[in-house]
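A short write-up of the structure that comes next.
Indexing begins at 1, ligand by ligand and atom by atom, following the structure's order.
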Amino acid sequence: MAKEERHSKRSRKNDIESIDMDTIAYEESSRGIDEPIPIGVVPDLDVLPKFMHAWVIRKDRHGDPKKSFKKEIVPVPDIGPNEILVLVMAAGVNYNGVWAGLGEPVSVLDIHKHDHHVAGSDASGIVWRVGSNVKSWKPGDEVILHCNVESEEHSARTESASDFISYDPMASAGQKIWGYETPYGSFAQFTKVQAQQVLPKPDHLTWEESASYGLCYFTAYRMLVTQAKLQPSEVALIWGGAGGLGVFAIQICKMLGADAIAVVSSKEKAELCLALGAKGVINRRDFPHLMYKQGETPEDHANRFSDMKRFGRAIWDILGERRNPNVVFEHVGEATFPTSVFVCSRFGRIVICAGTTGYNLTFDVRHLWMHQKRIIGSHFANALECVRANELVRKGIIKPVISETLTYDDIPKAHQLMYENKHSGKIGVLVQARRKGMTSTKDAVKTLKSVT
Ligand code: NDP
């Protein structure tokens with residue numbers, strides 16, 4: 001069935017018995033008025049309310065996710081000529097939502113200067129409205145969103161749709177992360193993005209699977225493929241192998257013919273990493289002194305050095321030879337960085353995109369210069385990398401890893417789980433998708449009709 005047809009107005013005569021009370025109430029009362037559509041309802045494409053449901057962070061309630069996220073009704077954002085309004089079917093939970101709620105290291109409201117912040121940098125959804133310059137997408141298209149917002153300055157220099165290939169928009173000082181440095185992210189019924197942020201939804205994936213991978217997977221892709229230039233037969237050490245970034249880093253290593261050694265903190269997480277294709281797993285709990293802490297005593301230092309050497313030997317045991325990782329995949333930061341520099345091979349690369357445990361990195365620089373190792377900073381990905389990486393998902397080569405799918409009401413809980421490191425892989429949340437397991441708009445509408 002053509003997408004336009006799927007969205008054609010429902011025949012009230014045929015449908016009215018099978019749709020639920022929320023939808024009936026909505027259809028009978030809110031056409032042409034400002035009220036939000038109910039959560040879990042996919043209306044006809046011509047419906048566009050002025051207001052929407054959203055989980056909102058405000059400056060006066062920064063803190064734990066349980067406290068900082070509050071349900072509100074806010075205006076549906078207007079779009080500019082190069083932008084697209086998307087009905088959010090499902091969203092993905094990322095650590096940047098935790099940072100946004102905490103207001104650390106800075107309040108995102110001070111960055112975008114808007115009075116409220118809707119977090120969320122991953123989504124799947126349906127294109128609802130397109131700006132006057134947008135030619136590549138139309139209302140009804142099923143899509144996912146990547147989170148790199150190009151700067152106006154960059155866009156002004158872009159003369160054709162393929163210009164982004166010639167230079168990297170990540171180089172622009174005005175580059176931003178959608179749903180973190182911009183106020184309208186994915187934890188709302190509608191979100192707005194630049195047209196270049198839109199990618200086709202993989203047909204075989206559910207809304208929640210499609211919403212789950214973009215931010216972490218595209219970041220891991222840039223880190224390993226573009227920045228570290230990981231080669232077949234090389235070895236990569238992956239910190240947090242069962243986390244959001246880690247589950248994709250392991251799969252990318254496997255795809256490239258490199259050996260991933262994953263670091264985790266539990267048996268269950270170890271099993272996940274092995275199932276994803278890691279060559280071996282190290283449980284960091286077996287190395288109680290490994291983590292660097294500020295203000296360590298000479299004794300702490302000696303204990304840590306001893307654990308670092310044991311940790312290095314654990315890598316050799318997995319590889320069956322005295323071989324060090326060519327690439328270290330870093331995001332933990334302060335606690336692990338000295339170990340990362342120490343165990344990395346001669347001429348190896350430590351590629352880093354975050355400092356979850358702290359930003360002030362302390363390490364013995366002799367290990368770096370004597371063995372000519374390189375530290376490479378990396379941040380998200382550009383549109384070309386996102387397009388290429390998304391094709392691998394569409395072909396089934398890279399797979400999303402969702403530990404649980406929660407409801408719209410559970411968005412603060414989902415962030416709290418992440419904050420407390422009680423999850424594996426990615427957490428998905430449903431917004432306008434009424435239940436788990438739906439792969440298309442048709443499915444969403446069918447489910448809606450079957451609810452009595
Ligand atoms: P997750 O929480 O899903 O995973 C992080 C993993 O790190 C956990 O699974 C945990 O694994 C491990 N970890 C936590 N504390 C420690 C520690 N003290 N020592 C060693 N390992 C630890 O987060 P994500 O993977 O989604 O993100 C990680 C970081 O990267 C966040 O700070 C996030 O904001 C950032 N990020 C940055 C991006 C960018 O573009 N710059 C993009 C995506 C993420 P275990 O307990 O099993 O060891």
Side-chain angles (χ1 to χ4, degrees), residues 65 92-102 104-105 108 119 121-122 146-149 170 175-181 212-224 226-227 237-250 261-273 278 281-293 304 307 311 328-340 351-359 376-382 385-386 389 401-404 414-428:
V93 176
N94 287 296
Y95 217 97
N96 68 4
V98 175
W99 296 126
L102 290 169
E104 291 174 9
V108 286
S121 302
D122 269 322
H146 79 69
C147 65
N148 183 43
V149 179
M170 297 302 291
Q175 173 275 334
K176 291 189 174 82
I177 297 295
W178 158 71
Y180 184 68
E181 291 158 300
S212 70
Y213 61 84
L215 186 142
C216 279
Y217 165 46
F218 299 155
T219 302
Y221 182 94
R222 181 177 174 91
M223 287 172 78
L224 292 173
T226 312
Q227 305 277 39
L237 179 76
I238 313 293
W239 289 106
L245 289 164
V247 293
F248 296 110
I250 293 170
I261 298 179
V263 187
V264 293
S265 59
S266 73
K267 193 163 155 282
E268 296 71 33
K269 288 184 175 183
E271 280 163 10
L272 172 63
C273 294
V281 182
I282 300 175
N283 189 334
R284 64 184 172 96
R285 303 278 180 225
D286 296 338
F287 303 86
H289 306 293
L290 190 68
M291 298 297 148
Y292 172 82
K293 287 181 227 62
R304 181 167 58 78
D307 261 6
F311 184 82
V328 180
F329 184 85
E330 250 290 358
H331 48 89
V332 182
E334 192 170 278
T336 52
F337 205 74
T339 308
S340 296
V351 60
I352 180 161
C353 73
T356 314
T357 57
Y359 315 111
I376 307 169
S378 195
H379 190 44
F380 190 56
N382 64 33
E385 289 158 334
C386 295
V401 181
I402 295 198
S403 57
E404 47 193 322
H415 285 86
Q416 195 70 31
L417 283 172
M418 178 163 257
Y419 187 37
E420 293 170 15
N421 195 13
K422 288 185 178 156
H423 68 297
S424 300
K426 301 292 304 174
I427 303 173

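- Neither the backbone nor the side chain of Asn94 has a heavy atom within less than 4.0 Å of ligand 1.
- Using 4.0 Å as the threshold, Cys216 has a heavy atom nearer than that to some atom of ligand 1.
- The side chain to side chain contact (heavy atoms under 4.5 Å, CB included) test with Val93 singles out one residue from Lys426, His415, Glu404, and that residue is His415.
- Among all non-hydrogen protein atoms, the one lying nearest atom 45 (P) of ligand 1 is Ser265 OG, 3.3 Å.
- Of all protein heavy atoms, the one lying nearest to atom 5 (C) of ligand 1 is His331 CE1, 3.9 Å.
- Annotation for ligand 1: atoms under 4.0 Å from non-hydrogen atoms of Trp99 are 32 (O), 34 (O).
- Of all the heavy atoms of Leu245, the ones lying under 4.0 Å from any atom of ligand 1 are found in both the backbone and the side chain.
- Distance check: Tyr292 OH to Phe337 CZ gives 13.0 Å after rounding to the nearest 0.5 Å.
- Rounding to the nearest 0.5 Å places CD of Glu330 at 8.5 Å from OG1 of Thr339.
- If you number the atoms of ligand 1 from 1 as listed, the ones under 4.0 Å from a heavy atom of Met418 come out as 3 (O).
- The distance from atom CG of Leu224 to atom CD1 of Ile238, rounded to the nearest 0.5 Å, is 5.5 Å.
- Scanning the protein heavy atoms around atom 9 (O) of ligand 1, the nearest turns out to be Gly243 CA, 3.5 Å.
- Put simply, the side chain of Ile282 reaches to within 4.5 Å of the side chain of Phe287, judged on heavy atoms.
- At least one donor-acceptor pair closer than 3.5 Å links the side chain of Thr357 to the backbone N or O of Val332.
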For Lys269 and Val281, run side-chain contact (heavy atoms from CB on, under 4.5 Å): C-alpha distance rounded to whole Å, both residues' side-chain angles, the deciding distance at 0.1 Å, then the answer. CA-CA 9 Å; Lys269 288 184 175 183; Val281 182; over 6 Å; no

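- What sits closest to atom 39 (C) of ligand 1 on the protein, heavy atoms only, is His379 ND1, 3.5 Å.
- Close contacts between ligand 1 and His423 involve ligand atoms 1 (P), 2 (O), 3 (O) [criterion: under 4.0 Å to a heavy atom].
- The side-chain heavy atoms of Phe329 and Val263, taken from C-beta on, include no pair separated by under 4.5 Å.
- The proximity of Ala354 to ligand 1, defined as any non-hydrogen pair under 4.0 Å, is limited to the side chain.
- Glu271 places no side-chain N or O within donor-acceptor distance of the main-chain N or O of Cys273, the cut-off being under 3.5 Å.
- Atom 23 (O) of ligand 1 has Tyr95 CD1, 4.0 Å as its closest protein atom, hydrogens excluded (heavy atom only).
- Looking at Ser266 against ligand 1, nothing comes within 4.0 Å, counting heavy atoms.
- Side-chain contact check for Glu268 and Ser424: no donor-acceptor pair (N or O, by modelled atom type) lies under 3.5 Å.
- Ser121 approaches Cys147 most closely through the heavy-atom pair O-CB, 3.5 Å.
- For atom 6 (C) of ligand 1, the closest heavy atom belonging to the protein is Gly240 CA, 3.7 Å.
- Atom 40 (O) of ligand 1 has as its closest protein heavy atom Phe380 N, 2.8 Å.
- The closest protein non-hydrogen atom to atom 42 (C) of ligand 1 is Thr219 OG1, 3.3 Å.
- Residue-level proximity to ligand 1 for Thr336 is carried by the side chain, the only part with a heavy atom below 4.0 angstrom.
- With values rounded to the nearest 0.5 angstrom, Cys216 atom SG is found 5.0 Å from Asn94 atom CG.
- The distance from ligand 1 to the heavy atoms of Leu215 drops below 4.0 Å at these ligand atoms: 42 (C), 43 (C).
- Under 4.0 Å from ligand 1, the heavy atoms of Lys269 that appear belong solely to its side chain.
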